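Just so you know, these numbers come straight off a predicted model, no measurement behind them. Atoms within each ligand, like the ligands themselves, are counted from 1 in listed order. We number each residue from 1, following the sequence as shown.
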Amino acid sequence: MKKIIKNGTIVTAADIYQADVLIEDEKVKAIGQDLSDVYAEVIDATGLYVFPGGIDPHTHMEMPFGGTVTKDDYESGTIAAAHGGTTTIIDFCLTEKGKTLKNALEIWHAKSEGRAVIDYGFHLQIVEANEQILQEIPAVIEEEGVTSFKVFMAYKNVLQADDETLFQTLVTARDHGGLVMVHAENGDVIEHLTQETLKAGNTDPIYHALTRPPELEGEATGRAAKLTALADSQLYVVHVTCKEAVEQIAEARSKGFSVYGETCPQYLVLDQTYLEKPDFEGAKYVWSPPLRDKSNQEVLWNALKSGELQTIGSDHCAFDFDGQKDLGKGDFTKIPNGGPFVEDRFSILFSEGVKKGRISMNQFVDMVSTQAAKLFGLFPQKGTIAPGTDADIVLFDPNVERTISASTHHSAVDYSALEGMKVTGQPVTVLSRGEYVIKDKELVAKPGAGKFLKRAKFDSAHTNKQETASNRS
Ligand code: URP
Ligand code: ZN
Ligand code: ZN
């Protein structure tokens with residue numbers, strides 16, 4: 001059914017203005033003053049912001065990891081995302097050595113088909129770059145619409161790939177319009193420090209952070225950036241946590257290389273001391289890279305503001321405290337790595353960023369939606385509000401005050417890493433391609449309403465540094 005959103009304030013990465021939005025056939029049909037259509041339902045957005053739906057470029061739904069499987073599947077995870085103002089996720093599809101990329105995609109399609117309430121795409125892991133895999137990459141770009149490829153530089157003996165694999169993936173991506181993503185930590189040295197630490201009898205959650213120091217994130221980030229420069233390719237560094245990594249990205253960008261970076265809400269508001277919580281509660285905060293010294297928070301906010309980092313991903317990788325995180329009691333290496341943030345990503349950035357004066361409203365939209373659309377081949381279909389775009393829209397109350405809690409969240413996981421945190425602002429109504437997903441804070445969409453997105457190739461024209469920097473000034 002047609003809809004007109006009236007009396008709201010539209011905010012995009014470039015503008016803030018009052019206008020009506022007419023929605024028809026999944027798209028924004030028109031934007032203007034005093035729009036009317038007798039067949040349209042009128043949605044009154046008085047006092048609300050009209051934002052493009054959030055795009056979360058980093059989730060792990062129903063993913064096998066750490067001897068278990070992440071708690072949120074495509075249904076509960078996308079419901080949580082939608083309540084939090086996100087209308088698109090791009091999830092990581094893991095691959096297995098010796099199997100084809102298409103085989104991995106089939107597994108991920110089977111998990112997600114008919115389950116999601118919002119649209120979704122996949123990034124594809126590359127764990128080995130043999131001839132068959134390198135030949136398959138162009139095919140998945142062209143035929144499957146999967147245009148981004150993830151290489152883990154850490155998790156030795158599990159997900160980690162070697163530098164040759166990273167380099168060959170970069171070269172192949174360059175030739176065929178892919179974007180290479182890295183988890184940048186030096187997995188070999190982490191493995192050595194971990195074994196030494198366990199030998200010394202240190203098994204508590206805090207040792208997870210102490211065996212993964214920021215120098216090892218900085219080193220791997222710099223290595224990946226230099227390999228990208230050598231390959232004349234493009235790189236997106238996921239979950240950047242610290243000064244050492246930001247400096248490497250900034251240096252590569254200052255030399256004109258196509259290196260982009262993401263950080264996550266958890267690194268902006270939590271710090272390493274959370275891993276010291278008693279009674280094994282520190283395990284709730286075990287993920288990789290680990291939480292850092294608090295001084296890094298300011299570094300990350302400044303990098304977002306200046307445009308050195310472009311996006312906010314949630315790295316939603318949710319494990320219950322009871323029954324999953326406790327696999328690591330007595331051995332921190334067995335704590336499944338990951339935390340639940342898909343529902344809070346948008347609101348944390350608004351509350352801690354916009355409300356506290358750290359970023360502007362346009363920068364907020366840029367980080368939580370527009371830049372991810374541009375980098376991952378979804379712009380301008382998604383990531384903004386303009387005639388012809390998908391009507392993925394969040395009506396957001398900027399003044400409501402609330403407290404984050406597992407007792408009110410929609411994720412299936414049994415704890416919130418942000419329990420008790422007060423935030424200002426909340427999505428009220430969320431539309432995906434013009435249909436309600438959330439109406440007045442209640443879920444109305446049915447599983448399967450969300451569709452798989454075939455994404456376009458990486459296009460540097462959307463992502464040149466000048467454009468990003470001026471958006472952010
Ligand atoms: O600890 C984390 N981040 N778990 C998810 C996998 C990854 O490294 O992104
Ligand atoms: Zn990672
Ligand atoms: Zn992740």
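- Cation-pi check for Lys325 over Phe319 is not met; the charged atom does not lie both under 6.0 angstrom from the ring centroid and within 45 degrees of its normal.
- Inter-residue side-chain proximity for Thr172 and Thr169 is flagged as unmet; no heavy-atom pair is nearer than 4.5 Å.
- Not one N/O/S atom of Cys317, from backbone or side chain, sits under 2.8 Å from the Zn ion (ligand 3).
- A cation-pi contact, defined as under 6.0 Å to the ring centre and within 45° of the axis, links Lys284 to Phe321.
- What sits closest to atom 1 (O) of ligand 1 on the protein, heavy atoms only, is Ser288 N, 2.7 Å.
- Listed by chain and number, the protein atoms of type N/O/S under 2.8 Å from the Zn ion (ligand 2) are His183 ND1, His239 NE2; waters are omitted.
- Just one residue in the list Asp392, Thr88, Asp390 forms a side chain to side chain donor-acceptor pair (under 3.5 Å) with Gln381, and that residue is Asp390.
- Considering backbone and side-chain atoms together, His60 places an N or O closer than 3.5 Å to an N or O of ligand 1.
- Draw a line from the Zn ion (ligand 3) to NE2 of His60 and another to NE2 of His58, and the angle between them is 110° (to 10°).
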Handout entry: Check against ring-ring contact (aromatic ring centres under 6.0 Å, His included), Phe452 and Phe122
Key = CA-CA 8 Å; Phe452 176 71; Phe122 301 146; 4.9 Å; yes
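- Atom 7 (C) of ligand 1 has its nearest heavy-atom neighbour, among Phe319, Tyr155, Phe92, in Tyr155.
- For Asp315, every heavy-atom contact with ligand 1 shorter than 4.0 Å involves the side chain, none the backbone.
- Listed by number with element, the atoms of ligand 1 under 4.0 Å from a non-hydrogen atom of Asn337 are 1 (O), 2 (C), 4 (N).
- A cation-pi arrangement is present between Lys150 and Phe152 under the rule of less than 6.0 angstrom and at most 45 degrees off the ring axis.
- Between Arg212 and Glu217 there is no salt bridge, since no side-chain N of the basic residue sits under 4.0 Å from a carboxylate O of the acidic one.
- Classification of the Tyr285-Tyr274 ring pair by plane angle, with boundaries at 30° and 60°, yields tilted.
- Between Phe92 and His58, the ring-plane angle classifies as perpendicular under the 30° and 60° cut-offs.
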